[in-house]
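So the structure is just underneath, and the comments pick up after that.
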Protein chains: 2
Amino acid sequence: MNIGTASEKSGLPPKTIRYYEDIGLMKAGRAGNGYRDYSTEDVHRLRFLQRSRGLGFSVEECRQLLSLYDDKQRESAEVKAIAEAKLKEIDRKLAELVGLRDTLRHLVRHCHGDERPECPIMDGLAGEQATG
Amino acid sequence: MNIGTASEKSGLPPKTIRYYEDIGLMKAGRAGNGYRDYSTEDVHRLRFLQRSRGLGFSVEECRQLLSLYDDKQRESAEVKAIAEAKLKEIDRKLAELVGLRDTLRHLVRHCHGDERPECPIMDGLAGEQATG
DNA sequence: CCTACACTTTCCAGTCACTGGAAGGTCAAG
DNA sequence: CTTGACCTTCCAGTGACTGGAAAGTGTAGG
């Protein structure tokens with residue numbers, strides 16, 4: 001399939017897909033006419049990249065995540081270590097996202113824009129501690 | 001408090017904090033010596049920025065999120081609309097993050113690097129649909 | 001007082017991850 | 001065989017930092 005179709009199916013712009021190829025993150029095959037050719041599996045990977053990039057993982061981290069699929073021959077221990085580190089990171093991100101949602105929900109419910117001098121949220125905002 | 005302390009407490013590098021001031025995202029007061037001076041509330045905002053940036057929200061989106069706190073005088077409807085749109089986005093991100101975690105967990109459990117020809121995950125990987 | 005050193009300031013250049021646009025090739029429809 | 005949507009490469013620009021220079025500040029020790 002051509003890059004346009006892969007773009008639609010993955011949610012990544014063609015420009016970005018080409019860029020990922022440039023930096024060696026995601027290489028596609030080529031058809032006889034020189035066009036890039038994407039398989040269903042390629043689209044899965046692009047989707048995966050689209051997701052993880054959108055969730056704040058760097059390109060290097062995404063490279064590691066992708067390597068979990070691509071380097072099946074590698075040491076089981078190494079692959080598992082990377083995967084488990086990433087799982088921890090994801091759990092941390094999940095907790096942060098839940099915290100952000102709670103903050104915002106609280107805001108919507110209690111600070112309804114009726115010109116109070118101070119919003120009760122400001123005090124407890126993100127007060128979970130930073131360096132902990 | 002000085003920028004260094006605010007940096008430690010917020011988790012954002014001083015460079016980034018200054019950059020946020022440059023682009024008008026987060027302005028701090030100044031002490032007599034010309035040093036930036038951060039209040040506890042300022043640190044809360046920085047923490048908030050640190051979180052939301054790390055979760056894939058753009059600076060412009062963060063500006064909107066912050067405006068929910070800063071522009072208490074604004075139309076209640078407008079503030080609520082922004083907040084609710086952001087809440088939806090956060091819920092979407094949460095779902096994606098859960099999906100990513102499940103994919104990775106599945107990988108760790110079922111593809112333990114023992115040189116199988118094909119990983120059973122590849123088929124179901126990110127198969128939730130893209131354009132839906 | 002001076003020195004040392006960590007911290008701060010501004011400014012300017014560089015990096016990462018795209019993103020837009022030009023100039024040109026490919027392909028299916030009419 | 002033209003039109004137009006798609007593809008190619010290449011190069012420049014943007015958003016969000018990030019590093020480093022040059023200079024001011026603050027404090028502890030001599």
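Every chain is numbered from 1 and lettered A, B, ... according to where its sequence line falls, protein lines coming before strand lines.
With sequence neighbours excluded, no residue forms a side-chain hydrogen bond (donor to acceptor under 3.5 Å, both in side chains) with A:Asn2. In this structure A:Ser39 satisfies the side-chain hydrogen bond (donor to acceptor under 3.5 Å, both in side chains) test together with A:Asp42, sequence neighbours excluded. Taking the side-chain hydrogen bond (donor to acceptor under 3.5 Å, both in side chains) definition, one finds that B:Arg18 meets it with nothing, sequence neighbours left out.
For A:Lys86 and A:Phe57, the positive end is not near the middle of the six-membered ring at less than 6.0 Å and at most 45° from its axis. A cation-pi arrangement is not found for B:Lys27 relative to B:Tyr20, the charged atom failing to lie both closer than 6.0 Å to the ring centre and inside a 45° cone about the ring normal.
In the region residues 12-21 of chain A, proximity to DNA chain D at under 4.0 angstrom, judged on heavy atoms, holds for A:Lys15, A:Arg18.
Between A:Arg101 and B:Asp91 there is a salt bridge, since at least one side-chain N of the basic residue sits less than 4.0 Å from a carboxylate O of the acidic one. The pair B:Arg92-B:Glu96 meets the salt-bridge criterion, since a charged nitrogen lies less than 4.0 angstrom from a carboxylate oxygen. Ion pairing between a basic and an acidic side chain is recognised when a charged N comes within 4.0 Å of a carboxylate O; B:Lys93 and B:Glu89 show no such pairing.
When heavy atoms are screened at a 4.0 angstrom cut-off, A:Ile23 is found touching no nucleic acid atom at all.
Between A:Leu12 and A:Ser7, every side-chain heavy-atom pair lies at or beyond the 4.5 Å cut-off.
Following rounding to the nearest Å, B:Asp37 (CG) and C:dT8 (C1') show an atom-to-atom distance of 13 Å. As a whole-Å value, the separation of B:Arg53 CZ from C:dA17 C1' is 12 Å. In this structure, A:Asn33 atom CG and C:dT26 atom P are separated by 8 Å, rounded to whole Å.
Each of B:Ser58 and B:Gly32 was assigned the nucleotide of DNA chain D with the nearest heavy atom; the assignment lying further toward the 5' end belongs to B:Ser58.
Contact annotation: B:Arg36 reaches the phosphate of C:dT10 (side-chain N/O to OP1 or OP2, under 4.0 Å).
When DNA chain D is scanned 5' to 3' for any atom under 4.0 Å from a heavy atom of chain A, the first and last hits are D:dC6 to D:dC10.
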Dump every N/O contact between nucleotides 23-25 of chain C and the protein below 3.5 Å, one line per pair.
| from | atom 1 | to | atom 2 | distance (Å) |
| --- | --- | --- | --- | --- |
| C:dG25 | N2 | A:Tyr35 | OH | 2.7 |

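Criterion: ILVMFWY side-chain heavy atoms under 4.5 Å apart, direct or through other members. Under it, B:Tyr35 and B:Tyr19 are not part of a common hydrophobic cluster.
In this structure, the separation between CG on B:Leu49 and CG on B:Leu66 is 4.5 Å, given to the nearest 0.5 Å.
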